[in-house]
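Order of listing sets the numbers, starting from 1, for every ligand and every atom in it. Only a predicted model underlies this, so the values are computations on that prediction, with no experimental measurement involved.
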Amino acid sequence: MFKVAVIGGSGMLGRALVDELTQQTSWKVVATAFSRPSAQTVALDIRDTGAVERFIEQTAPDAVVIAAAERRPDVCERDPALARALNVDAVRTIAAAADRRGAWTLSISTDYVFDGTHPPYRHDNAPAPLNAYGHSKLEGERALTETTDRGCVLRLPLLYGPIVNWSESAVTSLVPAIAASAAPGGEPATMDAWAIRYPTFTPDVAVVIRQMLERHARGEPITGIVQWSGDEPMTKYEIAVRLAEALQLDAHLMPQHTPADATPRPHNCHLASSRLEELGIGRRTPFDIAIRQVLTAFPWQGARSPA
Ligand SMILES: NC(=O)c1ccc[n+]([C@@H]2O[C@H](COP(=O)([O-])OP(=O)(O)OC[C@H]3O[C@@H](n4cnc5c(N)ncnc54)[C@H](OP(=O)(O)O)[C@@H]3O)[C@@H](O)[C@H]2O)c1
């Protein structure tokens, strides 16, 4: 039986992936969690080399997907040691342990490895990260490719999907401010209208990863670097307008046309998905449909059902 270990199965992407993979009845899926363990997950701290090695030995997976990371740019900026431990050193440890067992490792990376000045970016364009998060993820990519020939990096842009709290995704984290601006006497909410993002739905990414795993299971593993992205460009201001429409909130939104973040962020890192598309891999759910699914499953208190 084909066995997949999902490291970081409790995170936003990891949960969508576990949901997708467990529908493959002929596959066995073993998911790990750190601070949010459950009956369905194995507790694992990926900073603990011995624990990682024991987990891989005992699980004996055919493939390992690394969805665990520190993905918050502000935290990476403040705590580069934590960013390195999770985004670089742990990737090396996991990939080495998987390689010893002959397993294929898929590690998730980010569009923030690019500086955002010359989109669209192909997988082989030169990276030039602007912030600590992007630097740590680029080093993580190199840690994977240096450690194993049986590995693949999947770069992704801004993600959204089923959530367990509003702050889990940079898309849904806008909802509280949108709702506050719509309340009686509410102050207008200022939203970034400078950086161009390509919000990408985690269940679509889960399908992409499942399709990649299927190729591996048939003996045609994908190696090197691949990228996947939604195809609808939006600023956070435009995302907020669409969220307000879906929530039927009369929001007062103000576009901010110059960057105002403490952490430097790229302008437009559009990722070309051509390598996977040429393999017939991919699915894209339109944003307006996907976001209504998210808001229906996790309703904003006091809001009407998504329009
Ligand atoms: N979110 C985005 O917009 C975005 C965009 C581009 C790329 N990515 C990349 O996509 C991947 C998944 O991101 P995500 O948004 O799903 O992240 P997330 O929701 O923050 O999930 C992070 C996962 O890492 C686990 N984790 C944290 N510290 C750990 C530790 N010490 N040991 C073991 N596991 C640990 C968490 O476990 P617990 O929750 O149980 O503690 C959780 O399962 C990451 O590589 C990220 O860089 C994300």
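Of all heavy-atom pairs between L213 and W27, the closest is CB-CH2, 3.6 Å.
The backbone N or O of T258 sits less than 3.5 Å from a side-chain atom of Q256, completing a donor-acceptor pair. With hydrogens and angles disregarded, a donor-acceptor distance shorter than 3.5 Å links the side chain of R150 to the backbone of D99. E232 places a side-chain N or O within donor-acceptor distance of the main-chain N or O of F287, the cut-off being under 3.5 Å.
More than 12 non-hydrogen atoms from other residues, nucleotides or ligands lie less than 6.0 angstrom from NE2 of H267. At most 12 non-hydrogen atoms from other residues, nucleotides or ligands lie less than 6.0 angstrom from CG of D149. Atom NZ of K28 is surrounded by 12 or fewer heavy atoms from other residues, nucleotides or ligands within 6.0 Å.
In this structure, atom 6 (C) of ligand 1 lies nearest to the protein heavy atom L156 O, 3.1 Å. Considering only non-hydrogen protein atoms, atom 39 (O) of ligand 1 sits nearest to R36 NE, 2.8 Å. With hydrogens left out, the protein atom closest to atom 20 (O) of ligand 1 is R71 NE, 3.2 Å, a heavy atom. When hydrogens are left out, the protein atom nearest atom 33 (C) of ligand 1 is L44 O, 3.1 Å; that is the closest non-hydrogen contact. In terms of protein heavy-atom proximity, atom 5 (C) of ligand 1 is closest to P157 O, 3.1 Å. Atom 12 (C) of ligand 1 has as its closest protein heavy atom A67 O, 3.3 Å. Distance from atom 11 (C) of ligand 1 to its nearest protein heavy atom, with residue and atom name: I108 CG2, 3.7 Å. Counting protein heavy atoms only, atom 38 (P) of ligand 1 is closest to S10 OG, 3.2 Å.
Near S35, the atoms of ligand 1 lying under 4.0 angstrom from a non-hydrogen atom of the residue are 38 (P), 39 (O), 40 (O), 41 (O). Short contacts between ligand 1 and L13, defined as distances under 4.0 Å to a heavy atom of the residue, involve ligand atoms 12 (C), 16 (O). The G11 neighbourhood of ligand 1 comprises atoms 16 (O), 19 (O), 21 (O), 42 (C), 43 (O), with distances under 4.0 Å to a heavy atom of that residue. Residue-ligand proximity, L86 to ligand 1, at heavy-atom distances under 4.0 Å covers atoms 28 (N), 30 (C), 31 (N).
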Item to check | ring pair (Phe, Tyr, Trp, His ring centres under 6.0 Å) between W194 and Y237, worked out | outcome: CA-CA 9 Å; W194 176 79; Y237 173 77; over 10 Å; no
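For ligand 1, the polar-atom distance check finds an N/O of L159 within less than 3.5 Å of one of the ligand's N/O atoms. For ligand 1, the polar-atom distance check finds an N/O of G8 within less than 3.5 Å of one of the ligand's N/O atoms. The shortest N/O to N/O separation between A68 and ligand 1 does not fall below 3.5 Å. Residue F34 places at least one N or O, backbone or side chain, under 3.5 Å from an N or O of ligand 1.
Neither the backbone nor the side chain of P37 comes within contact range of ligand 1; no heavy atom lies under 4.0 Å. Looking at A69 against ligand 1, both its backbone and its side chain come within 4.0 Å, counting heavy atoms. Under 4.0 angstrom from ligand 1, the non-hydrogen atoms of S109 all belong to its backbone. Under 4.0 angstrom from ligand 1, the non-hydrogen atoms of K137 all belong to its side chain. Only the side chain of R47 comes within contact range of ligand 1, with a heavy atom under 4.0 Å; no backbone atom does.
Between R72 and D74 there is no salt bridge, since no side-chain nitrogen of the basic residue lies less than 4.0 Å from a carboxylate oxygen of the acidic one. Taking 4.0 Å as the cut-off between side-chain N and carboxylate O, E277 and R284 count as a salt-bridged pair.
Residue A170 places no heavy atom under 4.0 Å from ligand 1. Under the 4.0 angstrom criterion for non-hydrogen atoms, Y133 is in contact with ligand 1.
Judged purely by distance below 3.5 Å, without hydrogens or angles, the side chains of Q227 and S273 never pair a donor atom with an acceptor atom. For the residue pair Y121 / D115, a side-chain donor-acceptor distance below 3.5 Å is found, with atom types taken as modelled.
The side-chain hydrogen bond (donor to acceptor under 3.5 Å, both in side chains) with S109 is formed by just one residue from the set R155, K137, E141; it is E141.
In this structure, the separation between CG on L154 and CG on L276 is 6.5 Å, given to the nearest 0.5 Å.
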